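Working notes, structure below.
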Amino acid sequence: MTVLKNDENRNNDKTVGAVLSKGARILTDAGIENAKAEARYLMAQYRDTDIATLYSELYAQLDDFTAMRFMKAIKKRATHYPFQYILGFTYFLEYKFICREKVLIPRFEDFPSHFNKSGV
């Protein structure tokens, strides 16, 4: 029987929670303002679930493909690449907009000042 050291266990830990923590730590170290929230949102997207369900799955094993996609997105976000481009969409004024590199991301600060956030 082979006993792994604690560090080896952590490196091989492919649970949702472990990979999520690693992603959040990378974003935090890169200076991303909402690192934990963005990591949670990305993980939920790649697992095709919502945040509440994600919390109940923290000890579930994460398949290699999902872990690879998640970490690729995290590393791209760590370069300050726009979060909306990574997701491929954003919500604005209660509408879902597709976001790609050649399309401007809708933002409230770019919206005419005579409109407020409720669209009135």
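None of these values were measured; they are calculated from a predicted model. Residues: numbered from 1 along the sequence shown.
Note that the CG atom of L62 and the CZ atom of R47 stand 6.0 Å from one another [nearest 0.5 Å]. Between the CZ atom of R69 and the CG atom of L42 there is a distance of 10.5 Å, given to the nearest 0.5 Å. Atom CZ of R100 sits about 13.0 Å away from atom CD of Q84, to the nearest 0.5 Å. Atoms OH and CZ, on Y55 and R40 in that order, are 3.5 Å from each other to the nearest 0.5 Å. How far CE of M71 is from CD1 of I26: 3.5 Å, rounded to the nearest 0.5 Å. Of the inter-residue distances, the one linking Y46 atom OH with L87 atom CG reads 7.5 Å to the nearest 0.5 angstrom.
Not one N or O on the side chain of T66 forms a donor-acceptor pair closer than 3.5 Å with the backbone of D63. D50 places a side-chain N or O within 3.5 Å of a backbone atom of T53 that can act as its donor or acceptor partner. Between the side chain of H80 and the backbone N or O of G31 there is no donor-acceptor pair closer than 3.5 Å.
Within a 6.0 Å radius of CG in D29, more than 12 heavy atoms belonging to other residues, nucleotides or ligands are found.
Remark: aromatic rings of Y91 and F89 are close, center separation under 6.0 Å.
For the pair T15 and E57, the minimum side-chain heavy-atom distance is 4.5 Å or more.
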Quick one, V19 with F70, criterion side chain to side chain contact (heavy atoms under 4.5 Å, CB included). Give me CA distance, side-chain angles, the key distance, then yes/no.
CA-CA 9 Å; V19 176; F70 173 77; 3.5 Å; yes
